[in-house]
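Worksheet: the structure to be examined is printed underneath.
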Number of protein chains: 2
Amino acid sequence: MHITLESDYALRIVLCLVREKKRLDAKTISEHTCVTLRFALKILRKLVAGGIVKSFKGTQGGYELAKKPEEISLKDVIETVEGTYCLSRCLQDDYECSRGKSGICCFQKAFDEISTLVQERLQHYNFGMLKDDF
Amino acid sequence: MHITLESDYALRIVLCLVREKKRLDAKTISEHTCVTLRFALKILRKLVAGGIVKSFKGTQGGYELAKKPEEISLKDVIETVEGTYCLSRCLQDDYECSRGKSGICCFQKAFDEISTLVQERLQHYNFGMLKDDF
DNA sequence: TGAAAAGAGTAGTAAATTAGTATAAATAAT
DNA sequence: ATTATTTATACTAATTTACTACTCTTTTCA
Ligand code: SF4
Ligand code: SF4
């Protein structure tokens with residue numbers, strides 16, 4: 001939902017793979033990104049499940065990008081890690097507003113509009129654009 | 001920083017005052033908004049400190065708006081409760097990125113641009129516009 | 001063929017933040 | 001003076017975030 005440290009780590013990890021341009025093992029990625037090995041492994045699993053990176057087991061294993069840098073947006077990475085972005089938890093499917101009234105409220109409409117805007121902007125930035133100026 | 005339940009409650013409280021158009025005590029506000037009395041009192045104090053509502057002590061005391069509805073934006077209320085809005089904690093003044101490198105990073109630049117956009121939109125919506133369709 | 005080097009999966013814990021409460025003090029109206 | 005109200009500080013509980021531990025599986029290559 002929100003952008004947490006975990007998303008930030010995920011972005012760093014993807015950028016690391018973009019820049020090194022070769023298969024890297026989790027330990028190397030961890031060192032390059034200042035994310036602990038265990039946490040990096042956990043995040044990498046999400047990125048694999050999300051189709052952003054490919055993994056290879058065994059000796060000489062590691063991780064590679066599954067797509068071209070310009071095909072990976074900030075939104076792709078963040079939403080793979082956090083789920084759909086939204087400005088307020090009110091917009092989450094399972095959230096039930098404690099105020100008794102039914103129907104859509106004015107705040108919700110505003111939050112929804114803004115969330116869409118944020119998603120569009122996050123979609124706009126991709127790793128093809130970003131790779132050269134970290 | 002983010003929009004939490006507390007901000008949401010604050011918005012409901014302000015809208016309640018906008019719609020009732022008269023002095024209300026905390027208990028009444030609490031009932032109208034489905035926010036517990038104690039928590040509503042706490043939020044009301046922040047709104048008073050932020051110049052959005054005025055308080056009156058003693059018998060027949062309570063709270064009134066300190067400004068016209070159209071002069072109160074969603075941003076005013078949210079930032080009074082949460083502090084300056086930002087998309088990622090990276091943008092907070094005191095945050096220190098754990099990655100060793102210095103300088104501004106590409107993600108930070110994107111986050112900053114998007115945060116500004118969100119703030120502009122939150123500023124755009126005010127209680128003059130919203131009061132009639134809750 | 002089996003040891004070593006990787007990642008996968010599940011569960012757990014610790015830290016931080018959010019949400020909410022309790023209590024005592026101050027103030028204003030009557 | 002009494003009562004109805006807000007103010008202030010401190011506290012606790014619940015939830016979420018951040019991170020770790022342990023065990024299992026897969027792959028490579030001597
Ligand atoms: S934005 Fe409206 S519907 Fe959503 S939680 Fe707040 S009051 Fe409820
Ligand atoms: S956005 Fe960049 S500077 Fe900010 S926390 Fe992430 S890596 Fe660090």
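Note that the structure is predicted; figures quoted are calculated from it, not measured. Below, read A as the first sequence line, B as the second, and so on, with proteins coming before strands; counting in each chain starts at 1.
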Worksheet entry | Short side-chain to backbone donor-acceptor contact, A/Ser115 and A/Leu87, under 3.5 Å | yes

Worksheet item: With sequence neighbours excluded, what pairs up with A/Glu20 under the salt bridge (Lys or Arg N to Asp or Glu O under 4.0 Å) test?
Response: none

Practice prompt. Kindly write out the residues that satisfy side chain to side chain contact (heavy atoms under 4.5 Å, CB included) with A/Glu71, not counting sequence neighbours, or none if the list is empty.
Written response: A/Lys67, A/Lys68

Worksheet item: Counting N and O atoms only, with roles assigned by atom type, does the side chain of A/Arg99 sit under 3.5 Å from a partner on the main chain of B/Thr33, one being a donor and the other an acceptor?
Response: no

Worksheet item: Which residue pairs satisfy the ring pair (Phe, Tyr, Trp, His ring centres under 6.0 Å) criterion with at least one member in residues 7-36 of chain A, sequence neighbours excluded?
Response: A/Tyr9-A/Phe39

Response to the item:
Residue set satisfying side chain to side chain contact (heavy atoms under 4.5 Å, CB included) with A/Ser88, at least two apart, ordered chain then number -> A/Cys90, A/Phe111, B/Ile3

Fill in: Interatomic distance, B/Ile13 CD1 vs D/dT6 P [rounded to whole Å]
12 Å

Discussion item. Within residues 21-33 of chain B, which residues have any heavy atom lying less than 4.0 Å from an atom of DNA chain C?
Written reply: none

Nucleotides 26-30 of chain D: which of its N/O atoms have a protein N/O under 3.5 Å away?
{"unit_1": "D/dT26", "atom_1": "O4'", "unit_2": "A/Lys57", "atom_2": "NZ", "d": "3.3"}

Fill in: Nearest-Å distance for atom pair CG/P, residues B/Leu5 and C/dT21
13 Å

Discussion item. Whole angstroms only, please: what is the NE2-P distance between A/His2 and D/dT15?
Written reply: 16 Å

Discussion item. Can you pull out every salt bridge (charged side-chain N to carboxylate O under 4.0 Å, His left out) where at least one residue sits in residues 117-129 of chain B? Sequence neighbours excluded, please.
Written reply: A/Glu113-B/Arg121

Worksheet entry | Residue-phosphate contact under 4.0 Å: A/Thr4 side-chain N/O, D/dT16 OP1/OP2 | no

Worksheet item: Who passes side chain to side chain contact (heavy atoms under 4.5 Å, CB included) against A/Glu31, sequence neighbours left out?
Response: A/Lys27

Worksheet item: Quick one: B/Glu82 CD to C/dT18 P, roughly how many Å, whole number?
Response: 7 Å

Worksheet item: Among pairs that include at least one residue of residues 74-91 of chain B, which meet salt bridge (charged side-chain N to carboxylate O under 4.0 Å, His left out), considering only residues two or more places apart or in two chains?
Response: B/Lys75-B/Glu79

Discussion item. What is the distance, to the nearest angstrom, from the CG atom on A/Asp8 to the P atom on D/dC19?
Written reply: 11 Å

Discussion item. Strictly by ring pair (Phe, Tyr, Trp, His ring centres under 6.0 Å), give each pair with a member in residues 54-93 of chain A just once, sequence neighbours left out.
Written reply: none

Item to complete: Keeping to residues at least two apart or across chains, list the salt bridge (charged side-chain N to carboxylate O under 4.0 Å, His left out) pairs with something in residues 33-62 of chain A.
Response: A/Glu6-A/Lys46

Worksheet item: For B/Tyr63 and D/dT7, is the shortest distance between a side-chain N/O and OP1 or OP2 below 4.0 Å?
Response: yes

Worksheet item: Rounding to a whole Å, what distance do you find between A/Met1:CE and D/dT17:C1'?
Response: 13 Å

Practice prompt. Would you mind reading off the distance between B/Arg45 atom CZ and D/dT5 atom C1', rounded to a whole angstrom?
Written response: 13 Å

Worksheet item: Is there a side-chain polar atom (N or O) of B/Ser55 under 4.0 Å from OP1 or OP2 of D/dT5?
Response: no

Worksheet item: Quick one, which residues of residues 35-43 of chain A touch DNA chain D with a heavy atom under 4.0 Å?
Response: A/Thr36, A/Arg38, A/Phe39, A/Lys42

Worksheet item: Rounding to a whole Å, what distance do you find between A/Lys46:NZ and C/dT10:C1'?
Response: 14 Å

